[in-house]
Amino acid sequence: MPRHWIPNRRTVLSAAGMAIAVAVVGSVPRSTAAPRLPACGTRYRGYRTEDYSQPYASFMTEHTTEAPQSVLDAYHGGPIDPARIPQFDSVTTELAPSGYAEVETGYGRLPDGVVYAAVRTDMPGVTAAMWDWWFGWHSTEAARYKLWHPDAHLHASLRRDLTSAQIPDRQKYIGNTTYVDEYVGPKLQQLAIEFHDPLLHGFDVPADHTVVFGRVGSSIAPIDLGWLAHQVRPTADGCEMRSRFYLNLRGLHVPNLVEAACAIARGPSVDPSDVVLTVDLAKDLMLHCGQEMNHLAGFLPELHRTFAH
């Protein structure tokens, strides 16, 4: 895996402030032009009346399915010993096509401050191809994103909407960025997730597997917060997803000023402490992942059969 520059707290907060200011007032002097906000989507809990006119409305539920018992046990069991947490550089071997890691579901914190979460989810009747389709389809509008976690997902948009493009499903999200507002535990997060090609990062991805690999950052500030990886591989009755999150592996990215302005217009969740993520956030993220993956897996085969063309 590549090495990543980790800026200090002052650098991160300074960059955040600059990006927020540019997003709000624009890049031209106030004396020469007034800032213009784009037409932005709204952030809202649950489903609106108009959402039920969507062709996929039959898949909408009021609440998210409970996480599997293994996730609940890990959530209530406390953080794992740091000595049992693999370093980020080993994630490609951790998520190998076969075998299991010492920890498949748990959360914790490494001595260097990196926080970690892992979740394994059994998914009867589901395939890796269904997940490639889902990642290319779900972020174009909030109501689709809410199918995944109706209790916590509030907004979604895409840097480039390729959902209708006549290209393979993986090409619709790899190289693309999704902008989401969601609750992870009690904290509202406004995130930009840029999806990378896992093959270029050293993952082994057989034809009937997939690996969804993304750089997690702020949708307002030009700050990267960490990485996520979801490996999907076949089992006897469907597939299993093995998810990994490594946070506090920070860096900087070029901000999307339109999306930053929209995030602020929706009501920013900008808290300087958010750039230094805690082990409690890792705990909440593990539970959130366990809930949403288990929830969607329950109806993904039918959703895919109905809407994948």
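Computed from a predicted structure; not experimentally measured. Residue indices begin at 1 and follow the sequence shown.
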Below 30° counts as parallel, above 60° as perpendicular, anything between as tilted: where do the rings of [X] and [Y] land?
X	Y	answer
Trp227	His196	perpendicular
Trp134	Trp137	tilted
Phe135	Trp148	perpendicular

Among His149, His288, Lys187, side-chain hydrogen bond (donor to acceptor under 3.5 Å, both in side chains) partner for Glu182: His288
If you round to the nearest 0.5 Å, how far is [atom2] of [Y] from [atom1] of [X]?
X	Y	atom1	atom2	answer
Ile223	Ser218	CD1	OG	6.0 Å
Ile193	Arg159	CD1	CZ	13.5 Å
Met123	Asn294	CE	CG	7.5 Å
Thr163	Asp169	OG1	CG	11.0 Å
His138	Trp133	NE2	CH2	10.5 Å
Ser90	Phe88	OG	CZ	9.5 Å

Are [X] and [Y] grouped together when hydrophobic residues (ILVMFWY) are joined by side-chain heavy atoms under 4.5 angstrom apart?
X	Y	result
Met293	Leu287	no
Val71	Val279	yes
Leu95	Tyr100	no
Phe195	Leu296	yes
Val103	Leu110	yes

For a quick test of your reading: what N or O donor-acceptor pairs under 3.5 Å do the side chains of residues 298-309 make, sequence neighbours left out?
unit_1, atom_1, unit_2, atom_2, d
Thr306, OG1, Glu302, O, 2.8
His309, NE2, Phe307, O, 3.3

Minimum heavy-atom distance [X]-[Y], with the two atoms named:
X	Y	value
Ser70	Thr105	O-CG2, 3.8 Å
His295	Pro150	NE2-CD, 3.7 Å
Gly175	Arg160	O-NH2, 3.6 Å
Arg109	Ile85	N-CD1, 3.5 Å
Phe245	Ser243	CE1-CB, 4.2 Å
Glu94	Ala101	OE2-CB, 3.3 Å

Lys/Arg-Asp/Glu bridge criterion (N-O < 4.0 Å) met for Arg120, Glu240: yes
Salt bridge present between Lys283 and Asp280 (N-O < 4.0 angstrom): no
Does atom CD (Glu62) have a neighbourhood of more than 12 heavy atoms from anything else shown, all under 6.0 Å? no
Side chain to side chain donor-acceptor pair (under 3.5 Å) between Tyr173 and Asp132, intermediate numbers included: CA-CA 8 Å; Tyr173 69 88; Asp132 279 327; 2.6 Å; yes
Does the side chain of [Y] come within less than 4.5 Å of [X]'s, by heavy atoms?
X	Y	answer
Pro124	Thr235	no
Leu249	Val114	yes
Asp151	Gln291	no
Leu147	Met60	yes
Leu188	Leu154	yes
Thr92	Asp204	no
Val205	Arg170	yes
Leu162	Gln171	no

What's the verdict on side-chain contact (heavy atoms from CB on, under 4.5 Å) for Tyr116 and Arg84, showing C-alpha distance, side-chain angles and the deciding distance? CA-CA 11 Å; Tyr116 166 85; Arg84 300 175 64 205; over 6 Å; no
For residues 75-83, which side-chain donor-acceptor pairs fall under 3.5 Å, sequence neighbours excluded?
unit_1, atom_1, unit_2, atom_2, d
Asp81, OD1, Ala83, N, 2.9

Look at the side chain of [X] and the backbone N and O of [Y], then say whether any donor-acceptor pair between them is shorter than 3.5 Å.
X	Y	result
Tyr47	Lys146	yes
Ser139	Ala156	no
Arg43	Gly267	yes

Have [X] and [Y] got a donor and an acceptor in their side chains that come within less than 3.5 Å?
X	Y	value
Thr178	Asn176	no
Arg266	His155	yes
Asp161	Thr140	yes
Tyr107	Asp284	no

After noting the C-alpha distance and the side-chain angles of Trp131 and Met241, does the key distance pass the side-chain contact (heavy atoms from CB on, under 4.5 Å) rule? CA-CA 10 Å; Trp131 279 101; Met241 177 180 283; 3.6 Å; yes
Full working for side-chain contact (heavy atoms from CB on, under 4.5 Å) between His153 and Glu292: CA-CA 10 Å; His153 290 179; Glu292 67 182 0; 3.1 Å; yes
Any cation-pi pair here, Arg242 with Phe203, using under 6.0 Å and within 45°? no
Given Asn248 and Asp112, is the side-chain contact (heavy atoms from CB on, under 4.5 Å) satisfied, shown in steps? CA-CA 9 Å; Asn248 288 335; Asp112 62 2; over 6 Å; no
